[in-house]
Colleague: 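Before I ask anything, here is the structure I am working with.
Sequence lines set the chain letters: A, B, ... in the order given, protein chains first and strands last, and positions in each chain run from 1.
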Amino acid sequence: MGTSASSTAPVIVWFRQDLRIDDNPALSAAAESGAPVIPLFIWSPEEEGNWEPGAASRFWLHHSLTELTISLARLGSPLIIKRGYSLSVLRDFAKEVGAHAVYWSRRYEPSTIVRDKNLKGALVNDGVDARSFNANLLFEPWQVLNAKNEPYRVFTAFYKAATALVTPPAPIDPPKKLVAPVKKVRSVAISDLMLLPKINWTMGLNDAWQPGEKGAKKNLEIFLDVLNRYVPDRDCPGVSGTSRLSPHLHFGEISPRTIWHAVRDTGKAGESKTTYLKELVWREFAHSLLYHFPHTANSPLRPEFERFAWRNDPDLLERWQKGATGYPLIDAGMRELWHTGWMHNRVRMIVASFLVKDLLLPWQQGAEWFWDTLVDADLANNTLGWQWSAGCGADAAPYFRVFNPVLQSQKFDPDGEYIKRWVPELSGLPKAWIHHPWDTPKEVLKAAAIELGKSYPQPIVDHAFARQRALEAFKQLKPVAAK
DNA sequence: TGAAATGTTGGGGCG
DNA sequence: ACGCCCCAACATTTC
């Protein structure tokens, strides 16, 4: 507001992970100013450090940008796309178009915070009104602190404190129209960003998803219809009982406030409602942790884990990645991920436990694979999930908690529907054997046209043995962890 | 947001 | 009928 700009000096709205029109405070503030609005996206993967968007994220981004362009053009001012370092692009562009202000929605990744802080200073120096807004979180990470002004390390405490603090504000309406700048502005074409893979392996992703704001709203509607069955269904990967909103949330195609209020306002579903809202708060917890402990994307929160002797075995890693472990549920999950860019959360926990505890491979290798293959790859959520599984994070699984891939399979995919969908070579097996094919009588295997070791692998590790090995290895850390 | 090992109980088969 | 044993079924402890 400090600068006295003429009414024709445009406002730049810098889009990043808020690729939506609804409940976008930066966009609405720009529109309400009455000035021309230039929506801008800058493709600058180099600035993400170790965590450049992976292949699945790029696929998603391509389509999400396409959708956003259409929506913004409809409102009156199409999306401008640039490539290069955010700081120099923004300064040059602001100068070029004579913008008096740049608005954006906050991001919370450590390297992004550093970058944005710099950038804000530089813009202010240039006499530009640089302003950031909260579009992506229900609670700012610096708001939710304990009595000693420290971040919470236990979810339940965080949850209580956060929800007692404030009710997330209601979502705001989208602008009705945008005033385009007088002078035409040049933009890079989305296809020139080369976000899509050269070899087209994205058919499965295309079938499973509709990136963009419209797809996000559709998934929310579908989910609200089954919300009252969330508690019983959410753990069953063969049932569509989860929201499938994670990629939409990551790219900001729908705001957590919109979801929060939509869920709260549905009449039915008592227990399911609070359980789901809790999941949204887990996302907040993850962002808070990464904000307050910025090193944890790459290193364990609990320092004693730095010394853990993870194994190095590229062959085992690849068998896990490709879904060839010989454990049907594990393989089903890894293949669902490869095929659709997403994996059911219950199965994520199981395959993570398997990588870390059965194979003793470092959680960072799992995190990297998820980062590349998930359409919902999100640094905060990914970090929390993997550190939780490895037991080296906040409120993490105790070292002795080892998932049994067969028991989990029998419990949550009792009829083997999920397994049959993603591991079709086992679809001829009766459900008595489908969770542990290696025990199957010869004649049953023959009838199902399965030759273990050929058409489907033998288990790459014996779970009972692996569990014992993990317990001993992880127990070593305990005395160090105690004090 | 585990699972295995160990302990306890009680019904039923059987001498 | 009685005691003994076996072993589900459930509970508790341990990793």
Colleague: Establish, yes or no, whether the cationic atom of A:K273 lies under 6.0 Å from the six-membered ring centre of A:Y230 and within 45° of the ring axis.
Modeller: no
Colleague: A:W51 vs A:N298, test: side-chain hydrogen bond (donor to acceptor under 3.5 Å, both in side chains). Steps then yes/no.
Modeller: CA-CA 10 Å; A:W51 300 98; A:N298 305 299; 3.2 Å; yes
Colleague: So, using ring-ring contact (aromatic ring centres under 6.0 Å, His included) as the criterion, who are the partners of A:Y327 when residues are at least two apart?
Modeller: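 Applying ring-ring contact (aromatic ring centres under 6.0 Å, His included) to A:Y327 gives A:F354, A:W438.
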Colleague: Could A:R244 and A:W209 be counted as a cation-pi pair, given that NZ or CZ must be under 6.0 Å from the ring centre and within 45° of the axis?
Modeller: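 Positive - A:R244 is close enough to the ring of A:W209 and near enough to its axis.
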Colleague: Filter on side chain to side chain donor-acceptor pair (under 3.5 Å), then keep only pairs touching residues 454-463 of chain A, sequence neighbours left out; what's left?
Modeller: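 As it turns out, the side chain to side chain donor-acceptor pair (under 3.5 Å) pairs with a partner in residues 454-463 of chain A, which skip direct neighbours, are A:D331-A:Y456, A:D358-A:H463.
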Colleague: Atom pairs, N/O to N/O, protein against nucleotides 9-15 of chain C, distance under 3.5 Å?
Modeller:
none

Colleague: Answer with yes or no whether the side chains of A:R115 and A:S86 bring together a donor and an acceptor at under 3.5 Å.
Modeller: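 A:R115 and A:S86 do have a side-chain donor-acceptor pair below 3.5 Å.
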Colleague: Can you find a heavy atom in the side chain of A:T242 that is under 4.5 Å from one in the side chain of A:F223?
Modeller: no
Colleague: Pairs of donor and acceptor atoms involving the side chains of residues 249-256 of chain A, under 3.5 Å and at least two apart or interchain, shall be tabulated with distances.
Modeller:
unit_1	atom_1	unit_2	atom_2	d
A:H250	ND1	A:A377	O	3.3
A:H250	ND1	A:D378	OD2	2.8
A:H250	NE2	A:A377	O	3.3
A:E253	OE1	A:G212	N	3.0
A:E253	OE1	A:H248	ND1	2.6
A:E253	OE2	A:W60	NE1	2.6
A:E253	OE2	A:S64	OG	2.6
A:E253	OE2	A:G212	N	3.2
A:S255	OG	A:D23	OD2	2.6
A:S255	OG	A:R257	N	3.2
A:S255	OG	A:T258	N	3.0
A:S255	OG	A:T258	OG1	3.0

Colleague: Listed in order of residue number, which residues of residues 408-416 of chain A have a non-hydrogen atom at under 4.0 Å from DNA chain B?
Modeller: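 When residues 408-416 of chain A is checked for heavy atoms under 4.0 Å from DNA chain B, the hits, listed by number, are A:Q408.
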Colleague: Can a cation-pi geometry be assigned to A:K475 and A:Y399, taking NZ or CZ under 6.0 Å from the six-membered ring centre and within 45° of the ring axis?
Modeller: no
Colleague: Between which nucleotides of DNA chain B, 5' to 3', does chain A make heavy-atom contacts below 4.0 Å?
Modeller: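 The contacted stretch runs from B:dT1 to B:dA4.
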Colleague: Within 45° of the ring axis of A:W104 and under 6.0 Å from its six-membered ring centre, is that where the NZ or CZ of A:R106 lies?
Modeller: no
